[in-house]
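One structure is given here, and the rest of the page talks about it.
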Amino acid sequence: MSSLEISSSCFNQETKLPLSPPLVEGSAFEPSRRDTDEVGEKSKEIIKFTAEKLSVDEVSQLVISPLCGAVSLFVGTTRNNFEGKKVISLEYEAYLPMAENEVRKICSEIRQKWPVKHIAVFHRLGLVPVSEASIIIAVSSAHRAASIEAVNYAIDNLKAKVPIWKKEMYEESSSSWKRNKECFWATSG
């Protein structure tokens, strides 16, 4: 069992906080052009398909920027059940040239919709045991709304457009290839 302790010893009755921030040129809500140019940090997309175990820390560190106040993450993990069956692992396959190209398109679409700085999309291939990450998407932006919306857009579109196939491995020695219901090439009959 974990616990959280909050100490208020650093505050006293005399501490007064301003009710509103001071007004200054180059509002805190909009980064000034000068700050962006001084840092000179180039936006990047990091896309990786790998059989190696994914690290949330590693992926989140890749998108951190001094220009950004937000890093949003989506971490998709293998759950231990599906429709009453006990899942022991998932297996992923992808058509890599097309998968990488489609993820790049999604990153480009995100940049057209939101003011984000860095984007990282890591997807695991091969066997992924229960509780391990199969996908990590990280996006940084100056403010949280852009990165949160961008991460949601990324996972929804990845599931709909990127040629990645998932096989569920069940405890009773059976398995089943699954299609994403969001996938545009899968038609219901």
Nearest 0.5 Å, what's the [atom1]-[atom2] distance between [X] and [Y]?
{"X": "S141", "Y": "K117", "atom1": "OG", "atom2": "NZ", "result": "11.5 Å"}
{"X": "R124", "Y": "I135", "atom1": "CZ", "atom2": "CD1", "result": "13.0 Å"}
{"X": "L62", "Y": "K48", "atom1": "CG", "atom2": "NZ", "result": "9.0 Å"}
{"X": "E58", "Y": "E52", "atom1": "CD", "atom2": "CD", "result": "8.5 Å"}
{"X": "H118", "Y": "S140", "atom1": "NE2", "atom2": "OG", "result": "5.0 Å"}
{"X": "N152", "Y": "S147", "atom1": "CG", "atom2": "OG", "result": "11.5 Å"}

message: Check the orientation of H123 and F49. Use parallel for under 30°, tilted for 30 to 60°, and perpendicular for over 60°.
response: parallel
- prompt: Given the rule in the side-chain hydrogen bond (donor to acceptor under 3.5 Å, both in side chains) test, do E132 and T78 qualify, once you have shown the distances and angles that lead to the verdict?
  reply: CA-CA 6 Å; E132 288 189 15; T78 301; over 6 Å; no
- request: Kindly say whether the aromatic ring centers of Y95 and W165 come within a distance under 6.0 Å.
  value: no
Could you state whether [X] and [Y] fall into the same hydrophobic cluster, counting links through intermediate Ile, Leu, Val, Met, Phe, Trp or Tyr residues with side-chain heavy atoms under 4.5 angstrom apart?
{"X": "V63", "Y": "Y153", "value": "no"}
{"X": "V121", "Y": "I46", "value": "no"}
{"X": "V71", "Y": "I137", "value": "no"}
{"X": "I164", "Y": "I47", "value": "yes"}
{"X": "V116", "Y": "V59", "value": "no"}

message: Within a 6.0 Å radius of atom NZ on K44, are there more than 12 heavy atoms belonging to other residues, nucleotides or ligands?
response: yes
message: I'd like to know whether F74 forms a side-chain contact (heavy atoms from CB on, under 4.5 Å) with I136, so could you lay out the CA-CA distance, the side-chain angles of the two residues, the decisive distance to 0.1 Å, and finally the verdict.
response: CA-CA 6 Å; F74 172 80; I136 302 172; over 6 Å; no
Taking every non-hydrogen atom, the tightest pair across [X] and [Y]:
{"X": "A154", "Y": "I106", "value": "CA-CG2, 4.0 Å"}
{"X": "A138", "Y": "L73", "value": "CB-CD2, 3.3 Å"}
{"X": "S72", "Y": "R144", "value": "OG-O, 4.3 Å"}

Face-on cation placement of K166 at Y92 ring, 6.0 Å and 45° thresholds: no
query: Is there a donor-acceptor contact under 3.5 Å from the side chain of S108 to the main chain of R104?
result: no
- request: Report yes or no: does R79 contribute a side-chain atom to a donor-acceptor pair with the main-chain N or O of V130 at less than 3.5 Å?
  value: no
message: For a side-chain contact (heavy atoms from CB on, under 4.5 Å) check, start with the C-alpha distance between V103 and V162, then their side-chain angles and the critical distance, and finish with the verdict.
response: CA-CA 7 Å; V103 172; V162 180; 4.0 Å; yes
task: Would you sort out whether L125 and T50 count as a side-chain contact (heavy atoms from CB on, under 4.5 Å), showing the intermediate values?
output: CA-CA 6 Å; L125 300 175; T50 181; over 6 Å; no
- request: Would you please test E168 and K85 for salt bridge (Lys or Arg N to Asp or Glu O under 4.0 Å) and show each step?
  value: CA-CA 10 Å; E168 291 184 343; K85 296 179 184 176; over 6 Å; no
Pair E93 + K167: basic N to acidic O under 4.0 Å: no
task: Begin with the C-alpha distance, continue with both residues' side-chain angles, and end with the deciding distance and a verdict on side-chain contact (heavy atoms from CB on, under 4.5 Å) for L127 and L90.
output: CA-CA 6 Å; L127 287 176; L90 298 178; over 6 Å; no
- request: Step by step, work out the salt bridge (Lys or Arg N to Asp or Glu O under 4.0 Å) result for E109 and K161.
  value: CA-CA 13 Å; E109 292 165 6; K161 298 176 181 176; 3.6 Å; yes
message: Applying side-chain contact (heavy atoms from CB on, under 4.5 Å), can you list everything that pairs with K42, at least two apart in sequence or on another chain?
response: none
